[in-house]
Amino acid sequence: MLLVALGWAVFHGQLQFNILVNESSGIPPIWFLLVFLMALLASSLLKELEQALKTWLTSIGFSVIIVLLLITLPIAFGVLALEFAPLVIVGSMQPMATSLILTAPLNLLGCFLGQVFRHQLI
């Protein structure tokens with residue numbers, strides 16, 4: 001379960017980081033399909049819907065931690081002054097929250113359908 005959560009978190013972290021670094025605002029349409037397929041795949045690897053939902057919520061927490069670590073790397077390496085840390089972190093919260101809010105329904109649908117497909121195939 002933890003490995004599925006970490007893999008899902010890396011995917012969400014990459015999506016969030018891509019939105020932060022990219023100058024164009026918004027999520028490209030192909031990402032919505034990828035989010036749904038990732039949720040479907042991750043959910044089908046787990047035994048129960050409850051476990052899939054817990055894994056998804058855990059992956060969201062991990063993805064936020066991953067993105068915050070990536071964003072603060074320039075400060076940790078001394079490229080940016082420490083005074084910019086609050087500005088960088090606070091400025092990144094709104095795009096991260098937006099990406100999570102936009103992709104949450106697709107993840108829930110993918111969790112549910114992944115469990116339905118898993119139980120139909122077994």
Side-chain angles (χ1 to χ4, degrees):
M1 183 171 114
L2 186 61
L3 290 176
V4 174
L6 285 174
W8 211 345
V10 168
F11 174 77
H12 279 288
Q14 198 276 333
L15 172 65
Q16 294 166 5
F17 194 72
N18 189 22
I19 290 170
L20 288 174
V21 173
N22 231 351
E23 289 183 12
S24 64
S25 62
I27 301 173
I30 190 72
W31 278 103
F32 289 109
L33 176 64
L34 293 175
V35 164
F36 175 74
L37 291 176
M38 184 66 179
L40 192 71
L41 175 67
S43 179
S44 66
L45 294 174
L46 301 168
K47 290 183 181 180
E48 299 174 357
L49 180 61
E50 180 181 334
Q51 191 177 23
L53 292 175
K54 285 180 182 178
T55 303
W56 171 58
L57 291 174
T58 304
S59 73
I60 288 174
F62 284 156
S63 69
V64 170
I65 291 170
I66 289 170
V67 172
L68 288 176
L69 285 174
L70 289 174
I71 288 174
T72 57
L73 279 178
I75 296 167
F77 288 134
V79 176
L80 287 176
L82 189 58
E83 293 82 27
F84 291 115
L87 182 65
V88 169
I89 292 172
V90 171
S92 65
M93 287 298 161
Q94 192 270 338
M96 285 178 17
T98 301
S99 71
L100 290 174
I101 289 170
L102 288 175
T103 59
L106 290 174
N107 279 308
L108 288 176
L109 182 64
C111 279
F112 177 72
L113 289 178
Q115 289 298 303
V116 169
F117 290 149
R118 183 181 189 286
H119 290 294
Q120 292 295 326
L121 294 176
I122 293 179

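Worth knowing before you read on, the calculation uses all heavy atoms, side chains too, and leaves out hydrogens, waters and symmetry mates.
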Report task. Give me the other members of the hydrophobic cluster that I101 sits in, counting Ile, Leu, Val, Met, Phe, Trp and Tyr linked by side-chain heavy atoms under 4.5 Å, directly or via other members. Result -> none
Requested in this report: Kindly write out the residues that satisfy side-chain contact (heavy atoms from CB on, under 4.5 Å) with K54, not counting sequence neighbours, or none if the list is empty.
Outcome: E50
Report task. Give the cluster check for L41 versus M1: same hydrophobic cluster or not, with ILVMFWY residues linked at side-chain heavy-atom distances below 4.5 Å. Result -> no
Report summary line: Correct closest heavy-atom pair for G114 and L40 would be N-CD1, 3.4 Å
Query - Any donor-acceptor N/O pair, Q115 side chain to A52 backbone, under 3.5 Å - result: no
Report task. Find out whether L46 and R118 are in side-chain contact, i.e. whether some heavy atom of one side chain is under 4.5 Å from a heavy atom of the other. Result -> no
Query raised in the report: How many angstroms lie between OG in S99 and CG in N18, if you round to the nearest 0.5 Å?
Result: 10.0 Å
**Report entry** Gap separating the CE atom of M96 from the CD1 atom of I60, nearest 0.5 angstrom
**Finding:** 11.0 Å
Requested in this report: Establish whether L80 and L82 are linked, either directly or via other cluster members, by ILVMFWY side-chain heavy-atom contacts under 4.5 Å.
Outcome: yes
Query raised in the report: Can you get from V10 to L100 by hopping between Ile, Leu, Val, Met, Phe, Trp and Tyr side chains that sit under 4.5 Å apart?
Result: yes
Query raised in the report: Is there a path from V4 to W56 through hydrophobic residues (I, L, V, M, F, W, Y) whose side chains come within less than 4.5 Å of each other?
Result: no
Query raised in the report: Hey, any chance F17 and L34 share a hydrophobic cluster, counting ILVMFWY side chains that come within less than 4.5 Å of each other, even indirectly?
Result: yes
**Report entry** Reported CG-to-CG distance for the pair N107 and L102, which is rounded to 0.5 angstrom
**Finding:** 11.5 Å
Query raised in the report: With side chains defined as the heavy atoms from C-beta onward, is the minimum distance between H12 and S59 less than 4.5 Å?
Result: yes
Query raised in the report: Can you list the other members of the hydrophobic cluster that holds L6, where links are side-chain heavy atoms under 4.5 angstrom apart?
Result: L2, F62
Query raised in the report: Tell me the side-chain hydrogen bond (donor to acceptor under 3.5 Å, both in side chains) pairs involving residues 80-98, sequence neighbours left out?
Result: Q94-T98
Query raised in the report: Would the number of heavy atoms belonging to other residues, nucleotides or ligands and lying under 6.0 Å from CZ of F32 be above 12?
Result: yes
**Report entry** Q16 side, atom CD; M93 side, atom CE - distance, nearest 0.5 Å
**Finding:** 10.0 Å
**Report entry** Minimum side-chain heavy-atom gap L33-L37 below 4.5 Å
**Finding:** yes
Query - Distance (rounded to the nearest 0.5 Å) between E48 CD and S43 OG - result: 11.5 Å
Report task. Find out whether L108 and L53 are in side-chain contact, i.e. whether some heavy atom of one side chain is under 4.5 Å from a heavy atom of the other. Result -> yes
**Report entry** Sub-4.5 Å side-chain heavy-atom contact between S44 and F117
**Finding:** no
Query - Enclosure of F11 CZ (heavy-atom neighbours >12, cutoff 6.0 Å) - result: yes
**Report entry** Pairwise distance SG(C111) to CH2(W8) - rounded to 0.5 angstrom
**Finding:** 3.5 Å
Query - W31 and Q14, any side-chain heavy atoms less than 4.5 Å apart - result: yes
Query raised in the report: With sequence neighbours excluded, what pairs up with T55 under the side chain to side chain donor-acceptor pair (under 3.5 Å) test?
Result: none
Please output the side-chain donor-acceptor pairs of residues 65-78 that fall under 3.5 Å, not counting sequence neighbours, one pair per line with the distance.
residue, atom, partner, partner atom, Å
T72, OG1, L68, O, 2.9
T72, OG1, L69, O, 3.2

